[in-house]
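Here is the structure we will look at.
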Amino acid sequence: MNVLLPAPCTQIHVPLVLENPSTGTKCIVDAKVDTGSFATVIATATLKKLGLSPFTEDWVELANGEPALSQVCMCRVHLSEDQEMLDLPVYVMNSDNEQALIGMDILSLGDFSSTHVGRDDGSQWLRFEFYLKEQDWLV
C-alpha cells in the first residue's frame, strides 16, 4: 500500500478494499490508520453492504475507555493492487458512517512509515507506505 496525502495531516486515511470471503462481494471504504487500535474495525453499514455474518461477539475498550460489546466477523482485506490480501476477524462498530480503522492486527504484519515529500511546485505531501512481511498464510 503506497498512498500520497496532502500535508500536513494529523490522521492518515487510505482507501481499503474489503471483501466477503464467502460471496466475493467487495466494497471500498475510507480507512483511518490507527496504531492505538488492537484490531481492524468496520462500520455496521459496511457489514450490511458486504453481507457478512458475525460469528461471535467480544468486549472491547473504546477510545474513551468505556467497554463495548462488538460483533466479530471474518473479512478479506486487500492490501495492495498486487492482490496481497488476508482473511482476518474484524470488529464491527455501531455506525452508519462507513469509515474503517486499520489496527495493529494488520500493521504488525508488515512495515509501515510516513514521510513528508516536497514537490517542485512547493506543495507538501505525506507519503504513507505499508508492505506486508513475507507470510506463508497470505490468501
Side-chain angles (χ1 to χ4, degrees):
M1 183 181 306
N2 190 347
V3 180
L4 200 59
L5 307 159
C9 61
T10 57
Q11 298 178 352
I12 297 173
H13 292 258
V14 298
L16 188 64
V17 177
L18 302 172
E19 179 182 349
N20 181 327
S22 299
T23 65
T25 303
K26 294 180 185 175
C27 71
I28 299 173
V29 297
D30 173 53
K32 177 183 166 187
V33 175
D34 188 350
T35 58
S37 178
F38 75 94
T40 296
V41 179
I42 64 171
T44 306
T46 304
L47 172 93
K48 292 176 184 173
K49 185 182 277 189
L50 290 171
L52 294 170
S53 298
F55 65 85
T56 192
E57 294 182 327
D58 193 10
W59 285 97
V60 296
E61 184 177 323
L62 301 176
N64 64 6
E66 294 291 321
L69 189 60
S70 174
Q71 295 177 324
V72 183
C73 55
M74 287 301 291
C75 188
R76 180 163 293 153
V77 180
H78 295 255
L79 296 172
S80 71
E81 293 176 5
D82 319 8
Q83 296 304 309
E84 282 186 324
M85 59 189 118
L86 53 101
D87 291 347
L88 76 156
V90 296
Y91 287 71
V92 181
M93 62 183 167
N94 292 324
S95 170
D96 289 329
N97 175 346
E98 289 192 47
Q99 184 180 44
L101 298 177
I102 299 176
M104 289 305 296
D105 56 341
I106 291 177
L107 296 174
S108 65
L109 299 175
D111 296 317
F112 64 95
S113 66
S114 61
T115 54
H116 279 90
V117 177
R119 292 229 169 139
D120 292 340
D121 64 4
S123 63
Q124 295 293 311
W125 294 82
L126 181 70
R127 178 182 308 276
F128 173 76
E129 296 177 291
F130 174 78
Y131 299 99
L132 274 177
K133 296 175 187 168
E134 191 63 35
Q135 305 289 336
D136 294 335
W137 45 261
L138 285 175
V139 177

Handout entry: Intermediate values then yes/no, side chain to side chain contact (heavy atoms under 4.5 Å, CB included), F130 and I102
Key = CA-CA 11 Å; F130 174 78; I102 299 176; over 6 Å; no
Exercise for the section: Kindly indicate whether the side chain of Y91, heavy atoms from C-beta on, has any atom under 4.5 Å from the side chain of L101. Expected result: no
Handout entry: Atom CG of D120 with >12 non-hydrogen neighbours under 6.0 angstrom
Key = no
Problem - Atom of M93, atom of T44 and distance for their closest heavy-atom approach - result: O-OG1, 2.8 Å
Problem - Note, M74 side chain near P89 side chain (heavy atom, < 4.5 Å) - result: yes
Problem - For the student: nearest non-hydrogen atoms of T35 and M104, plus distance - result: O-CG, 3.3 Å
Problem - L50, T40, N20, L88 screened by side chain to side chain contact (heavy atoms under 4.5 Å, CB included) with C75, the one that passes - result: L50
Handout entry: Expected output: side-chain S70 to main-chain D58 donor-acceptor under 3.5 Å
Key = no
Practice task
May I ask you to test the V92-P54 pair for a side-chain heavy-atom distance under 4.5 Å?
Solution key: no
Exercise for the section: Indicate, with yes or no, if V17 and V77 share a hydrophobic cluster defined by side-chain heavy-atom contacts under 4.5 Å among Ile, Leu, Val, Met, Phe, Trp and Tyr. Expected result: no
Completion exercise
Between the NE2 atom in H78 and the NZ atom in K26, the distance rounded to the nearest 0.5 Å is 4.5 Å
Fill in the blank from the handout: Taken to the nearest 0.5 Å, the spacing of L18 CG from L47 CG works out to 11.0 Å
Handout entry: 4.5 Å side-chain heavy-atom contact, V72 and F55
Key = yes
Exercise for the section: Indicate if L107 and L109 have the same hydrophobic cluster label, given that clusters are the connected sets of ILVMFWY residues with side-chain heavy-atom separations under 4.5 angstrom. Expected result: yes
Practice task
Verify the cluster assignment for I28 and I42: are they in a single hydrophobic cluster under the rule of side-chain heavy atoms below 4.5 Å apart?
Solution key: no
Completion exercise
When rounded to the nearest 0.5 Å, the distance separating CZ of R76 from CG of L52 is 11.0 Å
Problem - Linked, directly or transitively: V33 and L86 (ILVMFWY side chains, under 4.5 Å) - result: yes
